[in-house]
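Remember, predicted model here, so these are calculated numbers, not experimental data.
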Amino acid sequence: MAATSVHLCLTPECGKPAGLQCPTCMKLGIEGSFFCSQECFKGSWSNHKLMHKKAADSSDTTTSTFNPWPWFEFTGRLRPFLQTPRRTVPAHISRPDYAASGIPESERESKRANVMKILSPTEIQGMRTACKYTREVLDLAAAAVKPGVTGDEIDRIVHEACIERNCYPSPLNYVNFPKSCCVSVNEVICHGIPDERELEDGDICNVDISVYHNGYHGDANETFFVGKSVDDASRHLVKAAYECMMKGIAIVHPGERYRNVGNEIQKHAQLNDVSVVRTYCGHGINQLFHTLPNVPHYSKNKAVGIMKAGHTFTIEPMINQGTWQDVTWPDEWTAVTADGKWSAQFEHTLLVTDTGCDILTLRTDNDGMPHFMTQQ
């Protein structure tokens with residue numbers, strides 16, 4: 001799961017960090033209505049209240065026509081559906097610092113320190129265990145991806161699987177993310193919020209799993225075919241996305257520059273007539289969900305740092321059929337393609353070793369092949 005930005009004030013030409021949310025918007029299910037102060041909220045009221053009327057007039061919460069953002073122009077056919085309440089985690093399970101507040105303070109402190117951590121043997125074992133559970137949960141999610149299954153049902157399965165393994169689902173309340181995994185369908189690039197939309201035959205669906213176990217995070221995702229009617233163009237996209245990730249992984253070894261990962265991925269993407277998203281990148285991961293290094297997936301990037309044994313990080317290219325550019329829904333999480341064409345992604349957590357790398361989230365059966373390769 002890639003990092004995201006903080007809430008910004010909705011008042012035109014303000015743009016300051018915002019923590020106050022309109023109470024009426026919360027009742028109507030209008031997300032993204034944040035203000036930096038009471039003054040900005042009051043000053044914007046005459047225009048802002050019109051949003052309430054539009055939402056109240058046009059939202060039908062009993063059918064697929066439900067739309068919490070009637071002013072928003074969607075880029076593709078996908079629409080938001082209702083979400084169930086946030087799931088709870090038993091008190092005995094250890095949790096990251098943001099679990100209650102939504103604010104990853106330790107990540108902010110690490111960013112100021114600007115250090116790429118080299119893990120000790122004990123810490124490496126902690127990562128191996130967290131990534132083992134990440135893979136187990138992802139495999140369970142894969143088995144659930146079928147026509148008629150909702151994103152919310154996948155989230156329930158993921159959440160319960162995490163709890164059974166004494167893991168905290170890392171996305172839950174990370175910068176206020178409301179669910180335990182990301183479910184990104186068709187034109188959604190990443191960070192799709194699981195809801196009550198049923199998967200349809202012919203869709204493609206990415207499930208992004210991250211778990212926190214005994215102080216360490218694991219992170220992995222795969223894109224799956226839904227049913228048997230996925231068209232050839234979408235199959236090509238998914239295959240190319242997986243190959244792009246593996247091209248990046250192939251060069252990981254001590255002494256390699258992080259910026260070179262993007263060169264390998266971009267080269268393969270261009271050969272397959274697909275594009276590489278630039279807004280989101282791979283990231284360091286250990287006791288922190290997101291930390292240094294940043295690992296862009298496009299060529300000629302300016303990422304800093306050299307790989308060293310003991311580094312752990314993700315490679316997770318998002319590959320699009322059309323433009324690489326993205327748009328974010330008003331929920332401030334769901335990233336979609338700017339042209340509405342489809343997107344696919346794969347992700348592994350990696351450990352740099354003395355001679356190369358270990359893929360910590362590799363599938364343990366079928367010779368490590370991703371699930372789409374064994375789907376009909």
Side-chain angles (χ1 to χ4, degrees), residues 1-7 17 89 93-135 137-138 158 162 165-182 190-191 208-221 252 258 261 279-297 303-316 333 345 347-353 357-361:
M1 180 182 184
T4 190
S5 59
V6 298
H7 299 298
V89 177
I93 292 178
S94 63
R95 56 202 69 206
D97 65 349
Y98 56 79
S101 68
I103 302 172
E105 291 289 357
S106 55
E107 289 188 9
R108 296 181 179 183
E109 293 172 5
S110 175
K111 187 175 181 179
R112 288 191 289 268
N114 198 34
V115 175
M116 294 185 196
K117 184 169 185 175
I118 296 176
L119 273 60
S120 69
T122 299
E123 291 172 320
I124 288 172
Q125 186 54 50
M127 284 296 296
R128 289 188 184 278
T129 301
C131 288
K132 171 181 177 291
Y133 290 141
T134 298
R135 168 46 62 180
V137 176
L138 181 55
V158 166
C162 288
R165 290 161 176 77
N166 285 318
C167 295
Y168 181 93
S170 300
L172 187 62
N173 209 34
Y174 179 80
V175 196
N176 301 310
F177 189 81
K179 292 293 182 177
S180 297
C181 67
C182 299
C190 62
H191 301 160
D208 193 339
I209 303 297
S210 310
V211 312
Y212 180 79
H213 179 76
N214 286 350
Y216 299 90
H217 295 272
D219 199 358
N221 73 58
V252 175
Y258 280 103
V261 171
T279 306
Y280 304 96
C281 63
H283 53 88
I285 183 170
N286 40 61
Q287 290 94 334
L288 302 177
F289 193 7
H290 298 90
T291 186
L292 295 175
N294 292 320
V295 189
H297 303 117
V304 298
I306 295 175
M307 298 175 193
K308 297 181 180 180
H311 284 179
T312 45
F313 63 96
T314 70
I315 292 179
E316 48 181 303
W333 277 106
Q345 181 190 17
E347 175 185 21
H348 275 311
T349 296
L350 310 171
L351 165 69
V352 183
T353 65
C357 78
D358 286 351
I359 303 176
L360 301 182
T361 49

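Rounding to the nearest 0.5 Å places CE of Met127 at 9.0 Å from NE2 of His217. The line from OH of Tyr168 to OG of Ser210 is 12.0 Å long, rounded to the nearest 0.5 Å. Going from atom CD1 of Ile93 over to atom CG of Asn214 covers 10.5 Å, rounded to the nearest 0.5 Å. From Ser180, atom OG reaches atom CD1 of Ile209 across 9.0 Å, with rounding to the nearest 0.5 Å. Here NE2 of His213 is found 11.0 Å from CZ of Arg165. Values are rounded to the nearest 0.5 Å. To the nearest 0.5 Å, the span separating NE2 on His348 from OG1 on Thr134 amounts to 11.5 Å.
The shortest distance between side-chain heavy atoms of Phe313 and Val252 falls below 4.5 Å. Two residues are said to be in side-chain contact when any heavy atoms from C-beta on lie closer than 4.5 Å; Thr314 and Val295 fail this criterion. Looking at Asn166 and Tyr133, their side chains never come closer than 4.5 Å, going by heavy atoms from C-beta outward. Contact annotation: the side chain of Lys179 never approaches that of Val158 to less than 4.5 Å [non-hydrogen atoms, C-beta and beyond]. Considering only heavy atoms from C-beta on, Asp219 comes within 4.5 Å of Asp208 through its side chain. Between Leu350 and Ile359 there is a side-chain heavy-atom pair separated by less than 4.5 Å.
Residues His283 and Glu316 have side chains that bring a donor and an acceptor to within less than 3.5 angstrom of each other. A donor-acceptor pair shorter than 3.5 Å cannot be found between the side chains of Gln345 and Tyr280.
In plain terms, the two heavy atoms of Pro104 and Tyr98 that are nearest each other are N-CB, 3.7 Å. In terms of heavy atoms, Gly282 sits closest to His297 at N-CE1, 3.2 Å. Between Cys182 and Phe177 the shortest heavy-atom distance is SG-CZ, 3.8 Å. In this structure, Thr349 and Gly218 approach most closely via the heavy-atom pair OG1-C, 4.2 Å. Nearest approach of Ile285 to Thr291, heavy atoms of both residues: N-CG2, 3.9 Å. Ile118 and Ala309 make their closest contact through CG2-O, 3.3 Å (heavy atoms, listed as atom of the first residue, atom of the second, distance).
A search for salt bridge (charged side-chain N to carboxylate O under 4.0 Å, His left out) contacts involving Arg128 returns Asp358, not counting sequence neighbours. Take Asp97 and apply the side chain to side chain donor-acceptor pair (under 3.5 Å) test, not counting sequence neighbours, and it matches Ser106.
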